[in-house]
Every structure is written in structure tokens, then in C-alpha cells.
Amino acid sequence: DAEASAACKSVRAAGCIPALAEQLVRSQAADLDPFMHALTLSILANLAYLGVEPEIRQAGCLEHMQAALTADRAKTLHYAVAGVQNMTNRDAESVAAVKRNRAAVGALRILLDSTDETLFLNASGAVANISRPVRVLTTVGPDGRRRTQLVL
């Protein structure tokens, strides 16, 4: 939709994703700030829903989301699962990355037994997303160079 596209454009123009990636790393350091960590995951999950998945993945945030799939804190876990679900909804590179991470796939499968409805639904969505096949598409650009990309 037009509003989501405009929001994504603003996020990209403002350089928000690198700043959030830095905050994510800082908030999970040795002196973990659980509130800031969960808040940052929440923002990233929502931005992924809007359509900035490639930027989030390229900034290294997907790895942090996957690592948080075993978090002890409920809010952190909720936002991590929502983030992984949103990252894998449209972005083939994110699907491939999560599929390669056995710990993340295992954590998502465990969450399918959760009695928490939201965790169950988000984990179910993420598992459904990563169950789709990812193909390699090769195209030739206007400059004659071959390009490959992953597609769902």
C-alpha cells in the first residue's frame, strides 16, 4: 500500500536500519538491557512487516532475531518470533538464511507447542514461510551482465 511504501522510503532515507542494528547489538551486550533489546526487536519486526526486510537482513539483524528465539524474557521472545515471521514473509534471502540455521528452525518448531496463542501463531507463520521453496533466478541485465537472486 502507498502508506507502507512511503514509510519504507522514509526509513531508508533517514538511515534508521543501521542505527537500529547498532542498538540491537548494544542492548544485548554483557550488560543486557532487556527493555531496549525487546523494544528494538519490536521496531525491527514492524519495519519488516512494512517492507524493509532486505535492509534489516543486510544490517545483520536477522541473526539477532534468530538468536533471540530462545530468549527467557517473554517480550523478547514475542518480538523475535514476530520478526522472523515478518522477515521470511516476502524476502527469499531471509527464508534461505533461517532454513540454514538449525537452531532457529528447532526453536520455531518447539514454539509450535506453545500454549501462548500469539507465540503459536507467529511461530506457525514463520514455519510456513520457511517451508516454501527458494529458487535461484538468473537474469541478464541491460549491461549484459548475469545476475542471480533468490526468489520465492
Side-chain angles (χ1 to χ4, degrees), residues 1-29 32-71 73-105 107-109 111 116 118-139 141-143 145-152:
D1 106 332
E3 287 185 38
S5 294
C8 291
K9 185 177 179 179
S10 295
V11 165
R12 290 179 183 109
C16 293
I17 302 302
L20 288 166
E22 184 180 317
Q23 177 57 47
L24 191 59
V25 171
R26 274 198 320 268
S27 67
Q28 70 179 27
L32 176 70
D33 182 343
F35 172 77
M36 287 305 296
H37 189 65
L39 178 63
T40 306
L41 286 169
S42 169
I43 294 167
L44 289 165
N46 284 292
L47 289 174
Y49 179 80
L50 289 176
V52 293
E53 305 98 305
E55 292 86 350
I56 293 171
R57 180 178 31 77
Q58 291 162 2
C61 299
L62 179 58
E63 290 84 3
H64 294 286
M65 289 177 182
Q66 292 176 89
L69 290 174
T70 57
R73 295 180 151 312
K75 285 190 185 288
T76 301
L77 182 58
H78 277 271
Y79 295 132
V81 176
V84 170
Q85 179 187 12
N86 292 345
M87 289 292 296
T88 57
N89 188 39
R90 293 177 297 245
D91 186 53
E93 298 278 349
S94 292
V95 170
V98 174
K99 281 183 173 186
R100 287 190 302 267
N101 186 332
R102 289 181 183 219
V105 172
L108 288 168
R109 292 198 187 282
L111 291 170
D116 181 307
T118 303
L119 275 178
F120 168 75
L121 290 173
N122 286 334
S124 296
V127 169
N129 289 344
I130 64 172
S131 297
R132 296 175 295 171
V134 176
R135 299 178 295 125
V136 177
L137 178 66
T138 303
T139 58
D143 58 0
R145 295 180 64 193
R146 295 172 58 94
R147 291 175 178 77
T148 61
Q149 69 182 45
L150 296 181
V151 295
L152 295 173

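Looking only at side-chain heavy atoms (C-beta outward), T138 and R147 stay at 4.5 Å or farther from each other. Residues N129 and V98 have side chains not in contact (no heavy-atom distance under 4.5 Å, counting atoms from C-beta outward). Side-chain atoms of L150 and V136, non-hydrogen and from C-beta on, do get closer than 4.5 Å to each other.
The OG atom of S124 lies 11.0 Å from the CZ atom of R109; values are rounded to the nearest 0.5 Å. To the nearest 0.5 Å, atoms CG (L77) and CG (L111) are separated by 5.5 Å. To the nearest 0.5 angstrom, E53 atom CD is 7.0 Å from N89 atom CG. To the nearest 0.5 Å, the span separating CD1 on I17 from CG on L47 amounts to 5.0 Å. The distance from atom CZ of R57 to atom CG of L62, rounded to the nearest 0.5 Å, is 8.0 Å. To the nearest 0.5 Å, atoms CE (M87) and CG (L44) are separated by 8.5 Å.
Counted within 6.0 Å of CZ on R90, heavy atoms from surrounding residues, nucleotides or ligands total more than 12; the atom is thus considered enclosed. Surrounding NZ of K99 are more than 12 heavy atoms belonging to other residues, nucleotides or ligands, all under 6.0 Å away.
For the residue pair T70 and A67, the shortest heavy atom distance occurs at OG1-O, 3.5 Å. Across all non-hydrogen atoms, the minimal contact from V84 to A126 is CG1-CB, 4.2 Å. Residues Q66 and A104 share a closest heavy-atom pair of OE1-CB, 3.5 Å. Looking at every heavy atom in both residues, A82 comes nearest to A45 through C-CB, 4.1 Å. Counting all heavy atoms, side chain and backbone alike, T40 lies closest to Q23 at OG1-CG, 3.3 Å.
Salt bridge R26/E22: present, at least one basic N to carboxylate O contact under 4.0 Å.
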Requested in this report: Could you give me the CA-CA distance, side-chain angles and deciding distance for L24 and H37, then say whether side-chain contact (heavy atoms from CB on, under 4.5 Å) is met?
Outcome: CA-CA 6 Å; L24 191 59; H37 189 65; 3.7 Å; yes

Requested in this report: Please report the C-alpha distance between V11 and L50 in whole Å, then the side-chain angles of each, then the deciding distance to 0.1 Å, and finally whether the side-chain contact (heavy atoms from CB on, under 4.5 Å) criterion is met.
Outcome: CA-CA 10 Å; V11 165; L50 289 176; over 6 Å; no

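A donor-acceptor pair under 3.5 Å is formed between the side chain of R132 and the backbone N or O of T88. Of the possible donor and acceptor atoms, none in the side chain of S42 sits under 3.5 Å from a partner among the backbone N and O of A38.
Under the side-chain hydrogen bond (donor to acceptor under 3.5 Å, both in side chains) test applied with H78, the options D116, N122, T118 reduce to a single match, D116.
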